[in-house]
Amino acid sequence: MAQEGAAGIATAVAESVQYQGRKASRQGSEQRRQEILDAAMRIVVRDGVRAVRHRAIAAEAGVPLSATTYYFKDIDDLLTDTFAQYVERSAAYMARLWANNEGLLRELVISGDGSPQSRSQLADDIARLMADYVQRQLINRREHLMAEQAFRQEALLNPRLALLVRSHQQILLQGTCQLFQVLGSREPQQDAKVLTAIVGRMEYQGLLNDAEPQAEQEMLGILTRYMHLVLASV
């Protein structure tokens with residue numbers, strides 16, 4: 001999959017998302033369906049998955065109760081489509097992110113001369129880019145991360161959500177795998193799995209601790225150490 005390019009993989013994930021609820025037949029009805037899903041997501045972020053009920057969503061979206069039951073026969077369909085929309089939007093976002101940063105990454109690699117000093121500087125630069133990515137996620141996409149954590153927990157009990165969670169994980173994993181391929185890693189898949197696990201833990205801790213300023217240096221230190229270990233073995 002990584003050979004297709006990280007941006008291409010994310011785009012493919014976005015296009016592969018399947019919705020369970022009733023399809024909208026007109027533009028106006030599609031807008032209402034979107035409003036219902038957006039309202040459900042706000043409730044998930046604010047009150048948790050268990051708070052998602054037809055009446056609560058209708059009130060949050062400002063639509064009649066009959067509208068939510070028209071598009072979604074039960075809460076399971078509604079939750080599945082809410083996270084499906086999240087995955088679709090997240091995949092589109094990551095496709096743009098990888099497309100915008102792939103050139104920068106290749107420039108950083110090409111600019112080095114292969115010396116130990118150059119590899120050390122590259123490790124520092126990549127670690128700083130990753131730390132900046134996590135910080136931007138915690139600041140600009142905090143609600144998205146909150147929703148992701150909620151749906152990951154619910155996916156342990158819901159097979160349909162589990163499928164979506166695995167698709168969502170592939171976006172970051174395959175993009176990170178491409179990063180390590182560009183860096184010349186002998187085991188890009190393994191290195192990507194470790195780095196995405198580190199980033200996932202950092203995002204969770206950032207949400208838990210409300211992105212404490214003193215955690216930024218610790219985050220950068222961990223990422224720097226990991227990138228030095230990887231590039232030292234290349």
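- Using a 4.5 Å cut-off between side-chain heavy atoms of Ile, Leu, Val, Met, Phe, Trp and Tyr, with links allowed through other members, Leu104 and Leu231 fall into the same hydrophobic cluster.
- No side-chain heavy atom of Gln205 sits under 4.5 Å from any side-chain heavy atom of Met219.
- Counting only residues at least two apart or in different chains, salt bridge (Lys or Arg N to Asp or Glu O under 4.0 Å) contacts with residues 164-190 are absent.
- Taking the salt bridge (charged side-chain N to carboxylate O under 4.0 Å, His left out) definition, one finds that Asp74 meets it with nothing, sequence neighbours left out.
- Arg106 is linked by a side chain to side chain donor-acceptor pair (under 3.5 Å) to Glu102, counting only residues two or more places apart in sequence or in another chain.
- Using a 4.5 Å cut-off on side-chain heavy atoms (C-beta onward), Leu223 and Leu195 make contact.
- Atom CG of Leu207 is separated from atom CZ of Arg142 by 5.0 Å, given to the nearest 0.5 angstrom.
- Under a hydrophobic clustering in which Ile, Leu, Val, Met, Phe, Trp and Tyr are joined whenever their side-chain heavy atoms come within less than 4.5 Å, directly or via other members, Val199 and Leu173 fall into different clusters.
- Sequence neighbours left out, the pairs with a member in residues 190-200 that pass side chain to side chain donor-acceptor pair (under 3.5 Å) are Ser185-Asp191.
- No hydrogens or angles considered: nothing links the side chains of His54 and Thr69 as a donor-acceptor pair under 3.5 Å.
- Here the closest non-hydrogen pair linking Val45 and Glu143 is CG2-O, 3.5 Å.
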Given the rule in the side-chain contact (heavy atoms from CB on, under 4.5 Å) test, do Ile57 and Phe72 qualify, once you have shown the distances and angles that lead to the verdict? CA-CA 12 Å; Ile57 293 170; Phe72 308 99; over 6 Å; no

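- Cluster annotation: Leu163 is not connected to Leu157 through the hydrophobic network of ILVMFWY side chains, with a link wherever side-chain heavy atoms come within less than 4.5 Å.
- Annotation: side chain to side chain donor-acceptor pair (under 3.5 Å) contacts of Tyr86 (sequence neighbours excluded): Glu148.
- Between His144 and Arg89 there is no side-chain heavy-atom pair separated by less than 4.5 Å.
- Atom OG of residue Ser167 and atom CD of residue Glu88 lie 12.0 Å apart, to the nearest 0.5 angstrom.
- Taking each heavy atom of Ile36 and Tyr71 in turn, the nearest pair found is CD1-CD1, 3.8 Å.
- Screening residues 39-49 for salt bridge (Lys or Arg N to Asp or Glu O under 4.0 Å), with sequence neighbours left out, gives Arg42-Glu60, Arg46-Glu60.
- In terms of hydrophobic clustering, with Ile, Leu, Val, Met, Phe, Trp and Tyr side chains grouped at heavy-atom distances under 4.5 Å, Leu79 and Val63 are assigned to a common cluster.
- Here the closest non-hydrogen pair linking Thr176 and Leu172 is OG1-O, 2.7 Å.
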Taking it one step at a time, do Gln169 and Arg152 satisfy side-chain contact (heavy atoms from CB on, under 4.5 Å)? CA-CA 10 Å; Gln169 289 173 333; Arg152 280 186 176 184; 4.1 Å; yes

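- Met202 CE to Glu216 CD: the interatomic distance, rounded to the nearest 0.5 Å, is 11.5 Å.
- Residues passing the salt bridge (charged side-chain N to carboxylate O under 4.0 Å, His left out) test with Arg50 are Glu154, sequence neighbours excluded.
- Here Arg136 contributes atom CZ and Leu97 contributes atom CG; the two are 6.5 Å apart, rounded to the nearest 0.5 Å.
- Atom CG in Leu145 sits 11.5 Å away from atom CD1 in Ile139 (nearest 0.5 Å).
- With sequence neighbours left out, the side chain to side chain contact (heavy atoms under 4.5 Å, CB included) criterion links Ala197 to no other residue.
- Scored by the ring pair (Phe, Tyr, Trp, His ring centres under 6.0 Å) test, Phe151 finds Phe83 as partners (sequence neighbours excluded).
- Residue Ile171 comes nearest to Trp98 through the heavy atom pair O-NE1, 4.1 Å, listed as atom of the first residue, atom of the second, then distance.
- Within 6.0 Å of atom CD in Gln153, 12 or fewer heavy atoms from other residues, nucleotides or ligands are found, so the atom counts as exposed in its surroundings.
- Transitive grouping of hydrophobic side chains (ILVMFWY, heavy atoms separated by less than 4.5 Å) brings Tyr93 and Leu138 into a common cluster.
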Show which side-chain atoms of residues 121-132 pair as donor or acceptor with protein atoms under 3.5 Å away, not counting sequence neighbours.
| residue | atom | partner | partner atom | Å |
| --- | --- | --- | --- | --- |
| Gln121 | NE2 | Asp125 | OD1 | 2.9 |
| Asp124 | OD1 | His228 | NE2 | 2.8 |
| Asp125 | OD1 | Arg128 | NH1 | 3.4 |

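- Partner of Leu183 under the side-chain contact (heavy atoms from CB on, under 4.5 Å) criterion, chosen from Val230, Val109, Leu108: Val109.
- Applying the side chain to side chain donor-acceptor pair (under 3.5 Å) rule to Arg141 yields the partners Gln137; only residues at least two apart in sequence or on another chain are considered.
- Scanning for side chain to side chain donor-acceptor pair (under 3.5 Å) contacts around Thr82 gives an empty result, with sequence neighbours left out.
- Here the shortest heavy-atom pairing between Ala56 and Ala51 reads CB-O, 3.9 Å.
- Of the residues listed (Asp38, Asp81, Asp77), the one engaging Arg33 in a salt bridge (charged side-chain N to carboxylate O under 4.0 Å, His left out) is Asp81, and it is the only one.
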